[in-house]
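Report on the structure given below.
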Amino acid sequence: MALAKLTLHPLDKYLRTDRLPHIWCPGCGIGIALGAMLRAIDRRINEGKLDRNKVVFVTGIGCSARVSFYVDFDSAHTLHGRAIPFATGVKLANPSLEVIVVGGDGDIAGIGGNHLLHAAKRNMDLFVVMITNFVYAMTGGQLAPTTPLKVYTTTTPHGNPEPPLNVVKLVASLNANYVARASITTPHYIEMFTYKALGMRGFRFLEVISTCPEVYGRHIGLRNPVTMFEELKKRVKYKPNPVIDESDIDWEKGIVIGEYVVRNNPSYLDLVKRG
Amino acid sequence: MRREFLSGNRAIAEAAILSGLKFYAGYPITPASDLMEYLAEKLPSYGGIVVQFEDEIASINAAIGASWAGVKAMTATSGPGFSLMAEGVSLAVATETPVVVVDIMRAGPSTGIPTKATQSDVYQARWLAHGDYTIPVFAPWSVQDCYDMTIKSFNVAEKFRTPVVLLSDANIAHMWETLYVREPGEVEIIERKKPSVPPEEYRPYQPGLDLVPPMAVFGEGYKVIVESLVHDELGYYRQDSVTYREMIARLNEKIRRGVGYIYEQEEYWVEDSDAVVVAYGSTARMVYPVVKALRQKGARVGFLRLKTLWPLDEERLWRALSRAGKVIVVENNTGRVYLDVARIAGSARTFFSPVITVDPPKFNEVMEAVARWL
Amino acid sequence: MRHEILIVGRGGQGVLLLGRLIGLVASKYMNYYTSGTEHYASETRGGESRVDMVIADSLEEAFNFVSVTNPHIMILLYPYNLDSYLKLAQRETFVFLDKTFHQGEVRTEAKLYAHEYTRLAERLLNNPRVANMLLLGHVVKVTNLLPLDYVKMGIAELLDKRYHEANFKALEAGFNLPA
């Protein structure tokens, strides 16, 4: 019996398809974010601005960190919170590599928070994508640094007593050359910002607001993936030149996406003495 | 080869440069900081880079990242910082990353006495991290030894794709001595084995006969997978007992099988002795003249210095010790290496004689510790 | 041959530098085996600094004991624990003491050279910071331990170029003091 010929997805060439299916739940936003990033990388490669053999994905631990399983580039799935220092070592040892860090908000801004702020302070030549889902999903729904106030999590069963961390504001207060926020409900902005960041030097930070209906959705009563996507979409507002004071993530007032910081400060590699 | 006058820490730095060090990551800590300061001054002119990170966690992880980008990498610290590197060392074990970690022992636990030496981190060097693994640990006793064993540490790290601990202490770190420094080409420098197959045939964790997989690095088109989870030969995460058993067995066995290359001991008057004193590091430095003085008085006593603490060549150590009726282990801790020596020494009666001091051990102290059991 | 040298002073007087210089010259230009063990307090300035140095013909003689118990030369830039250090001195020990910081009597049977080295450095060279080199110049003259030219080579190797001249001058000024 002849089998119908499978049509490959145009981005399959950047995936280790033998490792599919992936582990992400139905309704998870990570796949949308990854797809948008790969389209941006594809554009850079097609333009001859990026060598596919020089792209390195470095991730820590968590759902978002599993990106390194599936991308068909040099990739490192390292320790929880330590993707940024690992990536820093990679970049400084071979500056010709384009080093991309992907992680969740717990990985990047929680356990790895000190590394994040120092990498931004150094204007280290890395592109860091933080996928925010407001919860520790892989471990079953515990408190994340971005979990909103009063929200139930498995480790704050009486409601989260801590106001959330605004990571965009934190990184923007440092020496990063690029700070932007997009949402999985606006994948074209993820692609646009990734494309732009890949053409810049220094520390580039992109927060992607994502959906996690399976774990976070259960906590806030948005268990249905479509409903959660729609609810997030309603709240996301793109602004061409947002100011940092409107970067707080507020489910009532809305979530402002856009490019918060674009500058051309000398990067670490511009300033460090090397042989 | 030329003569120099250097401190233990500077000798390590010089040897690291000769070995091809290109990336040093560290965080200031007494008594290791001057090693980093010396490298920060010199390494850029050899094409390398020295970065002060926000902590020791970042330092070890950056060194591992640099190694995967294809350069020789090192970090140095002391007990408290070494504790912070625990998880990073386990990452280097699991991902089979060549990296040299220098621990300049001070007095612990906790902040302890930063400027003073003990041998209290011996087990930390051996079993710092979680997981079932074996890594090489070297213990120099002089500035020359610091130099030579740093070269050896890099060679072992590259040859076996493993983290290596060079365990010095505050006494040796800041002691200055005449030493012979090698010129490039005068000593063997080993580089990691590269894959001989094209990228489409490459399996990143498929070992050779020596149980060490050839190492492709980032940027060479091999689409390398660095995987901290338990993985198969492709670097793919596996959760089954068979894969786990194979990986753990190989990680330990590649070191055990390399023991002939890794392990070194030095014997003095062991052949004809009724008693042998075993010591290492800066404590051995004072055991040696004590044993010599005892022999001058006619005592049939020998001295065995461990240059490698782990893995021990148990066969070789047993051969040297089992002839003696007594084995006396002298350490500046409450008995660490002693436990292994007692197990290995066979029929010899074994005694542990600590010389616990934060100052360089004195002749009389060590004499008392040894003579007590003769 | 095994010579022991004890160097004592206050942090900031260049005690460790003297040790490294003597060690370098002896190791590199004279083929001796040398060790120097440094002791210092946590303070960067002030506090006692000490170097125990051993210079020997063979590795064996240098290697065994790195502490000074029978000094051939004592260089005392500051009178910390003066009495206890002087107890180490034998009749044939050369003791160099900076009198700038010690006005009282010095009782010893050793060969004592007590001068106001720091004040001399101030007066002759307008620079008290090179007192250590001035004193070393005097040690070189009196003891013949190291040739003056080799010490200059050592200074040139150890110190930044802009400090060479001042240190050479101090060394020579010390060398010109009466033996």
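Below, chain A is the first sequence line, B the second, and so on; all start at residue 1.
- Atom CZ in A:F57 sits 13.0 Å away from atom NZ in B:K223 (nearest 0.5 Å).
- Side-chain contact between B:Y236 and A:R19 is present, with heavy atoms from C-beta onward closer than 4.5 Å.
- The two residues A:F69 and B:E227 have their closest heavy-atom pair at CE1-OE1, 3.2 Å.
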Begin with the C-alpha distance, continue with both residues' side-chain angles, and end with the deciding distance and a verdict on side-chain contact (heavy atoms from CB on, under 4.5 Å) for A:N94 and B:F218. CA-CA 9 Å; A:N94 184 355; B:F218 298 151; 6.0 Å; no
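- Proximity to chain B (any heavy atom under 4.5 Å) is restricted, for A:Y268, to the side chain, taken from C-beta onward.
- The choice from B:S228, B:A63, B:S67, B:A25 that makes the most heavy-atom pairs within less than 4.5 Å of chain A is B:S228.
- The closest side-chain heavy-atom distance from A:K121 to B:E54 is not below 4.5 Å.
- Only the side chain of A:I61 comes within contact range of chain B, with at least one heavy atom under 4.5 Å from a heavy atom of that chain.
- Looking only at side-chain heavy atoms (C-beta outward), A:H77 and B:Y237 stay at 4.5 Å or farther from each other.
- Of all residues spanning residues 87-95 of chain B, those with a heavy atom less than 4.5 Å away from chain A's heavy atoms are B:E87, B:G88, B:L91, arranged by number.
- Comparing B:I225, B:I64, B:V51, B:V217 by how many heavy-atom pairs each has under 4.5 Å with chain A, the most go to B:I225.
- Listed options A:R82, A:H80, A:K54, A:R52 were ranked by heavy-atom pairs under 4.5 angstrom with chain B; first place goes to A:R82.
- Taking chain B as the reference chain and counting heavy-atom pairs below 4.5 Å, the highest number among A:S75, A:A93, A:A87 is found for A:S75.
- Interface check for chain A: of the options B:V224, B:V50, B:L234, the most heavy-atom pairs under 4.5 Å are formed by B:V224.
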Apply side-chain contact (heavy atoms from CB on, under 4.5 Å) to residues A:H115 and B:D55 and explain how you reach the verdict. CA-CA 9 Å; A:H115 308 310; B:D55 54 32; 3.5 Å; yes
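- For A:V71, no part sits under 4.5 Å from any heavy atom of chain B, backbone or side chain.
- No more than 12 heavy atoms of other residues, nucleotides or ligands lie within 6.0 Å of CD in B:E41, so this atom counts as exposed by the packing criterion.
- The line from CG of A:L79 to CD1 of B:I60 is 10.0 Å long, rounded to the nearest 0.5 Å.
- Between chain B and the residues A:T78, A:N114, A:V90, the largest count of heavy-atom pairs under 4.5 Å involves A:V90.
- Here the side chains of B:V226 and A:F86 are in contact, with some heavy-atom distance below 4.5 Å.
- Residue with the most contacts toward chain B among A:V56, A:L97, A:D72: A:D72 (heavy-atom pairs, distance under 4.5 Å).
- Around OH of B:Y27, the count of heavy atoms belonging to other residues, nucleotides or ligands within 6.0 Å does not exceed 12.
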